[in-house]
Structure formats: C-alpha cells, structure tokens
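Notes follow the structure.
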Amino acid sequence: MPELPEVETVRRGLAPHLEGRRIESARLNRPDLRFPFPPRFAERLAGRTILPLARRAKYLLVPLGGDDMNGETLVIHLGMSGRLLIEARESRDPLGEFHHETGRLPQHDHVEIALEGGKRIIFNDPRRFGFMLLEPSETLDAHPTFAGLGVEPLGNAFSADHLLARFAGRRTPIKLALLDQRHVAGLGNIYVCEALHRAGIAPARAAATLTASEAERLAAEIRVVLEEAIAAGGSTLKDYRHEDGSLGYFQHAFRVYDREGEPCPKPGCGGTISRRVQGGRSTFFCEECQR
DNA sequence: AGGATACCCTGACCGC
DNA sequence: TGCGGTCAGGGTATCC
C-alpha cells in the first residue's frame, strides 16, 4: 500500500506529465470516496493550470493556478488501494471490463481528469480508503488534515533529539508511537516494522525507554529505509502499479514485513520472524535481535 | 487528554 | 463451484 516512498514516487512520476498543463475538465463517477468530494469539485478543477507537485506525509499536493492570486491545492490521499494513472484518451476501455494492461477494474475509476493535449489522469481505488480535498493553498497548513501533522522523516527537523523529545513520558509501545502521525508524519506499518528491525529495537517497548544512542540509530534507519525505497522507485504490494500503469514494476524486498516464520535476515542472528498484533495491526519483528 | 477500539471498503485467500 | 469467514490497513470518530 502507498506509504511515503510510494507517494513520493508517484509525485516524481506524475510531475513531468502534469506540471504546467491545464486541466480541461474533470469527471466524478461517484459522489464520494472515503468522504464526499468537495463541493463543485469538477467545476473548480476545470480550467486550472497545474503548478509544481509537492508532498506532505502521505498526501500528494497538486497546487493549481487560478485567474487571481487565490489558488487552490488539490490534495490526494491514496488510502490503501488508490492508484493514479496516466492514459491517452483513446485507450479507455468500456466500463466494467478488466483493464488488461494495468490490471485494474474500470468500475473503480472514480475520478477522471482530462488534461489539455489529450491525456487523462485516472484515480482508481477499489477500497475507497482514499480521499481528495480542494483547499486554498494559502491556508492549507491550517486545515485540520495538516494542522496536527508531525515533522517529515526526511526533513531537517527530524532527528534523534526530536524522537527523544516527542517520546518522553510516553508509555505507548514505540511501534504505535512511530505510527502516530503527530510525532512523525508519513510512516506506515511496513516501514515502521522495517526501521525497528534495522535499528534492533523491540516494537513493544515503551516509547519513553528509548535511549539516546538508540534514538540516533532509529532516526538514521528510518531515513535509510525510506530513502532506499524511494531510490528503488517505491515499494509495491499486491495491487500497486506504477503511476503510468506499466507492469513489471519494481518489487521491494522487505526484511521482516509479511515474513512470519522466516529466518531473521540479520547476519548471524539465527532468530525467526514473529508476528504480533499491536493497535489492531500486525507487527513483524525478530525477538532475538530486537531488544 | 491520552489511549484504545470500531469503522469504512473490496479483493484475496482459505476452509468446507 | 460457491459460499462464508477472515484479513489487510490510514485516518477518523467515539469511547473510556
């Protein structure tokens, strides 16, 4: 599912197709995703010019130029199964038929945005955990969705000291603290499991017990695992495809995620990967080398 | 107020 | 083959 590296990969993949282009029209195939679409959504998109794409946590930001200074930003969250694809207009399949090239079902094409020049952006999301916002760019940071978000894990404000300060006094398991978007924004279940394993820290430990040296290691490993995934073109699970719909997309090899029962990949460890539910979600870890 | 839990949704998978 | 049950999970609402 799309976490920060996947969203960043989508951003980079879409940018050359979108930036500087004008939106000809937009079409909604249903009234809502996770939430209802913004009022007059399609009308407000039409005619706008797309400015340079950005990302905040797992949100893709599509700033739109307006006739005046009051530009709005299209915010896209891919949820669990959301995909953005670019297609030439004429490639459209009849609704309801399997799209062989991309493996997606057209009945889940919820939003179609026609660009000047003939290409279409398609938002396809079977589970509809995704959602979209259209908000004034000026006040985006103050919007409830963004106001409480913590620091970017790849940004300058993220550090061992930041983790120590945020986790001080917290008795919540460190796995859950890392998933809490108020502390660090953009980490999901997969990369939290991977980072804790790389750092050798047990996921059940109280967040407050993190030592200074462990915080250094954890902060470093979080950066490394995210940067590796971005460099690899984003990781992929099950239904994710590249934004252009191409097959043969890179399959990232996780060290512990979804590897219950397999040998711990850490050299010389000899442990076995366990699975435990924390906060209703699976944690994959090694009891031997994560302390 | 922080922490825990339920919920949204569909497709994949499994056992019968 | 079909059917029911389970699981996946980010963000949000709601509970204590």
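As the structure is a computational prediction, the values presented were derived from the model and not from experiment. Just so we're on the same page: letters track the sequence lines, and every chain starts at 1.
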Over how many whole Å does the gap from [X] atom [atom1] to [N] atom [atom2] extend?
{"X": "A:R34", "N": "B:dA6", "atom1": "CZ", "atom2": "C1'", "answer": "11 Å"}
{"X": "A:L78", "N": "C:dA8", "atom1": "CG", "atom2": "P", "answer": "21 Å"}
{"X": "A:F131", "N": "C:dG10", "atom1": "CZ", "atom2": "P", "answer": "13 Å"}
{"X": "A:E3", "N": "C:dG10", "atom1": "CD", "atom2": "C1'", "answer": "10 Å"}
{"X": "A:K58", "N": "C:dT12", "atom1": "NZ", "atom2": "P", "answer": "11 Å"}
{"X": "A:D125", "N": "B:dG11", "atom1": "CG", "atom2": "P", "answer": "11 Å"}
{"X": "A:R56", "N": "C:dG10", "atom1": "CZ", "atom2": "C1'", "answer": "16 Å"}
{"X": "A:L179", "N": "B:dG3", "atom1": "CG", "atom2": "C1'", "answer": "14 Å"}

**Asked** For the residue pair A:H108 and A:H110, does the interplanar ring angle fall in the parallel (under 30°), tilted (30 to 60°) or perpendicular (over 60°) class?
**Response**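 Perpendicular.
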Is any side-chain nitrogen or oxygen of [X] closer than 4.0 Å to OP1 or OP2 of [N]?
{"X": "A:H77", "N": "C:dG11", "result": "yes"}
{"X": "A:H108", "N": "B:dC9", "result": "no"}
{"X": "A:Q181", "N": "C:dG10", "result": "no"}
{"X": "A:R170", "N": "B:dG3", "result": "yes"}
{"X": "A:S282", "N": "C:dA8", "result": "yes"}
{"X": "A:R128", "N": "B:dT10", "result": "yes"}

**Prompt:** What do the steps show when you test A:L84 against A:L60 for side-chain contact (heavy atoms from CB on, under 4.5 Å), and what is the final call?
**Reply:** CA-CA 11 Å; A:L84 284 166; A:L60 180 66; 3.6 Å; yes
**Asked** With respect to the side chain of A:P126, which nucleotide from C:dG10, C:dA8, B:dT10 is positioned closest?
**Response**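 So the nucleotide nearest the side chain must be B:dT10.
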**Request:** Please tell me which of A:R281 and A:D180 maps to the more 5' nucleotide of DNA chain B, matching each residue to the nucleotide holding its nearest heavy atom.
**Result:**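 Whichever sits nearer the 5' end wins; that is A:D180.
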**Asked** If you draw a 6.0 Å radius around CZ in A:R182, do more than 12 non-hydrogen atoms from other residues or ligands fall strictly inside?
**Response**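 Counting other residues, nucleotides and ligands, CZ of A:R182 stays at 12 neighbours or fewer.
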**Asked** Atom CG in A:L18, atom CD1 in A:I86: separation rounded to 0.5 Å?
**Response**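 Interatomic distance, A:L18 CG to A:I86 CD1, rounded to 0.5 Å: 5.0 Å.
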**Rounded distance (nearest 0.5 Å) linking atom OG of A:S137 with atom CG of A:L64** =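 The distance works out to 7.0 Å.
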**Message:** Is it the case that B:dG11 (base atoms only) and A:R127 (side chain only) share a donor and an acceptor within less than 3.5 Å, ignoring hydrogens and angles?
**Reply:**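 Between B:dG11 and A:R127, which were checked side chain against base, a qualifying N/O pair under 3.5 Å is absent.
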